Amino acid sequence: MSTAPPDPEGTPTDDVARKNFVEQAIDADLAEGEAAAVLTRFPPEPNGYLHIGHAKAICVNFGIAARYGGSCNLRFDDTNPAKESQEFVDAIQDDIRWLGFEWAGAPLHASDYFEELYGFAVQLIEKGLAYVCDLSAEETREYRGTVNEAGRNSPYRERSVEENLDLFTRMRAGEFEDGARTLRARIDMSSANLNMRDPVMYRIARAHHQRTGDAWCIYPMYDFAHGQSDAIEGITHSLCSLEFENHRPLYDWFLENIDGLPHPRQIEFARLQLSYTITSKRKLQELVASGSVSGWDDPRMPTIRGLRRRGYTPEAVRAFCDGLGLTKFNSTHDMHLLENALRSDLNARALRRMAVLRPLKVVITNLEEDARIERQAVENPEDEGAGTRPVHLTREIYIERDDFREDAPRKFFRLKPDGHVRLRYGCVLRCDEVVKDDTGEIVELRCSMVEGTFDGQTPEGLGKVKGIIHWVSAADAVDATVHLYDHLFREPQPLKDGRTLEDDLNPDSLEVVTGAKLEPALGDAAGGERFQFERLGYFVRAEGETEPVFSRAVTLRDSWAKLEKKG
RNA sequence: UACCCCGUGGUGUAAUUGGCAACACAUCUGGUUUUGGUCCAGACGUUCCAGGUUCGAGUCCUGGCGGGGUAACCA
């Protein structure tokens, strides 16, 4: 759909061949014969729902594999059963498929390799490269030292291979309390890289694992599981985020010291940061727990499920991710990019409809009581094949309250007392009278239809009518509830400089509008169906509601709002 | 303070690996338009700083400065 036209000049400006630093590295590996086919992996921990940041990682891993004719595994990094669950395993697969990606073969799990991993650990013990340590968690931390200060060797560091083997066997057998002992790599307690100061490989934890049940009471740490899992699967390039940079020496150390394993290359890239939102799992969890949002799938959440309910298309999310670029620079992308990706996708595909959010009744006084003037409205001006639909102009219609002003500012091209405006697909209206109630609130406009103004015609002497507004026939209107969503946070960089959720949450991120008037064609829209409400934005019909409920996915660009803001 | 990584318009990415700094978004200005949408055209930079190598440096070297990451038996 968004295929770029071929460059007519044939100039070397093609953006097709432009490669990011990861692809350049892969090219080099391929050229040197370091790797044959490219195999990547997406390794989520099943302890939460996927968000827009994961979408980038998914597009990177699946995208690069596809570009090299390779494939991408889905592997759950399920080494911490206390925090993980099957619920997330299922949800993650669902979200990846929704995005439009399919992994190679069955979904894989680090837990599939627990037995093999255990064997690797035994091998390292036999080589004198791992030992059982009796230090408590707190002591381990103390012994590790700090960034400025070298660590100290554990008093258990010099245990014999036999003793270590015996102890490790008994750890597995469940002879010791949780946390009583660990298996640690024997590397260098004075390393400048804290990750190399005899990192823990296994801890004792009696937690029920969603796949292995109670078969194990010791679980491998990320560092000991991840690289070896990559190697077992024959991953060629293990792409991860920047915070694992300091782990790469350890990743490499395990692979070098375990016999017979291929050596995948870990390459780190910057994770996605988006303005006006957050992608910290913990903070998102907080939003859900505090009731600031209705759940992980609240349409304001940056989760895949949230975006989905918000009305985002997978195509838009992918287009957004593909436009990000891939670097090691810690940057924050503009939320506009995500929104524009959706606008551009839906502009091309969404059918247009008229809907009035805050209705103001207009009586067209020179129209008969039972008049029904049929007009053909264009379904989508970007897609001629979409055709037209009928709309009916009647004596009573609704227009948007915002489209009338008693004291209209300069450049306000809409309706004002004694002013003219064109009804979309209809005639020009003249505002003759403003009807108010006792409190002074405008309850009705009495207007007259100007003869000879259908089909864009303007009779002599009327002058150019610049304003065009949408409307809905009162006789045909379908009532609806509309959810107007805005950014969840009011700050471009939420939670910066110690600010809290309460400080930065946008109090107006959701406005529920009842009594909106929809054109009848919208009444039987299916759940999940998306439309452009003309002049308002893109909306999606909510699922699982019997009465019509629509959610605003994103507004249209609004140059009038911008103008007015400037004053 | 130790180690690792990163500094190119407002934001984010390019620059054929040493040869006229390009693209997208944002912003502003115009044009088209029965959506103040879409579309089209134009405007907006001494590549963090200082030295050095070179005919030539965003790119290489040295030294600063600035930002991020790292001290879970989390991933």
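Quick caveat, the model's predicted, so the values are computed rather than measured. Naming convention: chains lettered A, B, ... in sequence-line order (proteins, then strands); numbering from 1 in each chain.
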(message) What's the gap between B:U27 and B:C5 when it is taken at their P atoms, as a whole Å value?
(response) 38 Å

(message) For the C1' atoms, the ones on B:G36 and on B:G30, what distance do you get once it is rounded to whole angstrom?
(response) 15 Å

(request) Could you state the atom-to-atom distance from CZ of A:F21 to P of B:A15 in whole Å? (result) 13 Å

(message) Starting the side chain at C-beta, find the nucleotide from B:U34, B:G37, B:A72 nearest to A:M221.
(response) B:A72

(request) Just label B:A72 as syn or anti from its O4'-C1'-N9-C4 or O4'-C1'-N1-C2 angle, using within 90° of 0 for syn. (result) syn

(message) When you measure from the centre of the six-membered ring of A:Y425, is the NZ or CZ of A:R375 closer than 6.0 Å and no more than 45° off the axis?
(response) no

(message) Between A:I187 and A:L250, is there a side-chain heavy-atom distance shorter than 4.5 Å?
(response) yes

(message) Between A:R414 and A:F404, is the side chain to side chain contact (heavy atoms under 4.5 Å, CB included) condition met? List the steps.
(response) CA-CA 6 Å; A:R414 310 175 189 179; A:F404 175 80; over 6 Å; no

(request) For A:K281, report the nucleic acid contact type (base, sugar-phosphate, nothing); a contact means any heavy atom under 4.0 Å. (result) nothing

(message) Would you compute the distance between atom OG of A:S190 and atom CZ of A:R197 and round it to the nearest 0.5 angstrom?
(response) 7.5 Å

(message) What contact category does A:L337 fall into here, base, sugar-phosphate, or nothing, at under 4.0 angstrom with non-hydrogen atoms?
(response) sugar-phosphate

(message) According to a cutoff of under 5.5 Å between the ring centres and under 30° between the ring planes, does A:W560 stack with the base of B:G36?
(response) yes

(request) Just call it for A:T140: base, sugar-phosphate, or nothing, with non-hydrogen atoms closer than 4.0 Å on any strand. (result) base

(request) To the nearest Å, give me how far apart NZ (A:K466) and P (B:G37) are. (result) 10 Å

(message) Restricting to side chain to side chain contact (heavy atoms under 4.5 Å, CB included), what partner residues turn up for A:R186, sequence neighbours left out?
(response) A:Y131, A:R157, A:E158

(request) Tell me which residues in residues 191-203 of chain A put a heavy atom below 4.0 Å from RNA chain B, sorted by number, or none. (result) A:A192, A:L194, A:V200, A:R203

(request) Can you figure out which of B:U13, B:U35, B:G36 approaches the side chain of A:H333 most closely? (result) B:U13

(message) Could you tell me if the side chain of A:T140 sits less than 4.5 Å from the side chain of A:R184, heavy atoms only?
(response) yes

(request) Treating a pair as Watson-Crick (purine N1 to pyrimidine N3 plus N6-O4 or O6-N4) or G-U wobble (N1-O2 and O6-N3) with both distances under 3.5 Å, list the stems of 3 or more consecutive pairs that involve RNA chain B. (result) B:2-7 with B:65-70, B:10-13 with B:22-25, B:27-31 with B:39-43, B:48-52 with B:60-64

(request) Could you label the plane-to-plane angle of the A:F114 and A:Y219 rings as parallel, tilted or perpendicular, counting under 30° as parallel and over 60° as perpendicular? (result) perpendicular

(request) Remember a base hit wins even if backbone is also touched, and classify A:Y425 as base, sugar-phosphate or nothing at under 4.0 Å, heavy atoms. (result) base

(request) Using the C1' atom on both, measure B:U54 against B:A43 and round to a whole Å. (result) 36 Å

(message) Tell me whether A:D112 is salt-bridged to A:R211, with the criterion being a basic N under 4.0 Å from an acidic carboxylate O.
(response) yes

(message) Counting only side-chain heavy atoms from C-beta out, which of B:C28, B:G37, B:U34 sits nearest to A:K562?
(response) B:C28

(message) Check A:R424 with A:E534, please: is the shortest side-chain N to carboxylate O separation under 4.0 Å?
(response) yes

(message) Here's a test of your reading of the structure: between A:G426 and A:N20, which maps to the more 5' nucleotide of RNA chain B?
(response) A:N20

(request) Would you kindly compare A:K56 and A:K83 by the position of their nearest RNA chain B nucleotide and give the one closer to the 5′ end? (result) A:K56

(message) Please tell me if A:N80 has a side-chain N or O lying less than 4.0 Å from either OP1 or OP2 of B:C73.
(response) no

(message) Measuring only the P atom in each nucleotide, how far is B:G31 from B:G68? A whole number of Å is fine.
(response) 45 Å

(request) Look at the side-chain N and O atoms of A:R535 and state whether any lies under 4.0 Å from the OP1 or OP2 oxygen of B:G36. (result) yes

(message) Applying a 4.0 Å non-hydrogen cut-off, can you work out what A:F412 is touching in the nucleic acid: base, sugar-phosphate, or nothing?
(response) base

(request) Name the closest nucleotide to the A:K464 side chain, picking from B:G12, B:A75, B:U34. (result) B:U34

(request) Report the relative orientation of the aromatic rings in A:F88 and A:Y49; use parallel for angles under 30°, tilted for 30 to 60°, perpendicular for over 60°. (result) perpendicular

(request) Would you mind telling me which of B:G37, B:U70, B:U33 lies closest to the side-chain atoms of A:P381? (result) B:G37

(request) Looking only at side-chain atoms of A:Q532, point me to the closest of B:A75, B:A71, B:U35. (result) B:U35

(request) State whether the distance check finds a donor on one side and an acceptor on the other, under 3.5 Å, for side chain A:H247 versus base B:A75. (result) yes

(request) Determine if A:F413 stacks with B:G36; use a centre-to-centre distance below 5.5 Å and an interplanar angle below 30° as the criteria. (result) yes

(message) So, does A:T79 get its side chain near the phosphate of B:A75, meaning an N or O under 4.0 Å from OP1 or OP2?
(response) yes

(message) OP1 or OP2 of B:A72 versus the side-chain N and O atoms of A:R141: is any pair under 4.0 Å?
(response) yes

(message) Side chain of A:D455 only, heavy atoms from C-beta on: which candidate in B:A15, B:U34, B:U13 is closest?
(response) B:U34

(message) Distance check, C1' atoms only: B:C49 and B:C55, in whole angstrom units.
(response) 26 Å

(request) Consider the side chain of A:R144, meaning its heavy atoms from C-beta on, and name the nucleotide among B:A75, B:U34, B:A72 that approaches it most closely. (result) B:A72

(message) With a 6.0 Å cut-off on the ring centroids, do A:Y222 and A:F244 count as close?
(response) yes

(request) Report yes or no: is there a donor-acceptor pair, N or O only, under 3.5 Å between the side chain of A:R414 and the base of B:G36? (result) yes

(request) Start with the C-alpha gap between A:R349 and A:E315, add the side-chain angles, then the distance that decides, and say whether side chain to side chain contact (heavy atoms under 4.5 Å, CB included) holds. (result) CA-CA 11 Å; A:R349 311 160 41 174; A:E315 290 82 358; 3.4 Å; yes

(message) Just the rounded figure in Å: distance from C1' of B:C25 to CG of A:N347.
(response) 16 Å

(message) Rounding to an integer number of Å, can you tell me how far A:Q24 CD sits from B:A14 C1'?
(response) 11 Å

(request) Could you tell me the separation between the CD atom of A:E534 and the C1' atom of B:U34, rounded to a whole number of Å? (result) 9 Å

(request) Would you classify A:L135 as touching base, sugar-phosphate or nothing, given that sugar-phosphate means primed atoms plus P, OP1 and OP2, and contacts are heavy atoms under 4.0 Å? (result) base

(request) Ignoring hydrogens and angles, answer whether the base of B:G68 and the side-chain atoms of A:E245 contain a donor-acceptor pair closer than 3.5 Å. (result) no

(request) Can you tell me, in whole Å, how much space there is between the C1' of B:G64 and that of B:G7? (result) 14 Å

(request) Would you mind telling me which of B:U11, B:C73, B:U34 lies closest to the side-chain atoms of A:D334? (result) B:U11

(request) Check the distance between B:U33's P and A:R422's CZ and give it to me in whole angstrom. (result) 13 Å

(request) Among B:A75, B:A71, B:C5, find the nucleotide with the atom closest to the side chain of A:K328. (result) B:C5

(message) Assess the residue pair A:H247 and A:E268 against the criterion (side-chain hydrogen bond (donor to acceptor under 3.5 Å, both in side chains)); give the C-alpha distance rounded to whole Å, side-chain angles, the decisive distance to 0.1 Å, and a yes or no.
(response) CA-CA 10 Å; A:H247 292 247; A:E268 312 84 14; over 6 Å; no

(request) Could you check if the base of B:U17 is syn or anti? Syn means the glycosidic torsion is within 90 degrees of 0. (result) syn

(request) Could you grab the distance from atom CG of A:L183 to atom CG of A:D198, nearest 0.5 Å is fine? (result) 10.5 Å

(message) Please give the distance between the C1' atoms of B:G63 and B:A26 as a whole number of Å.
(response) 37 Å

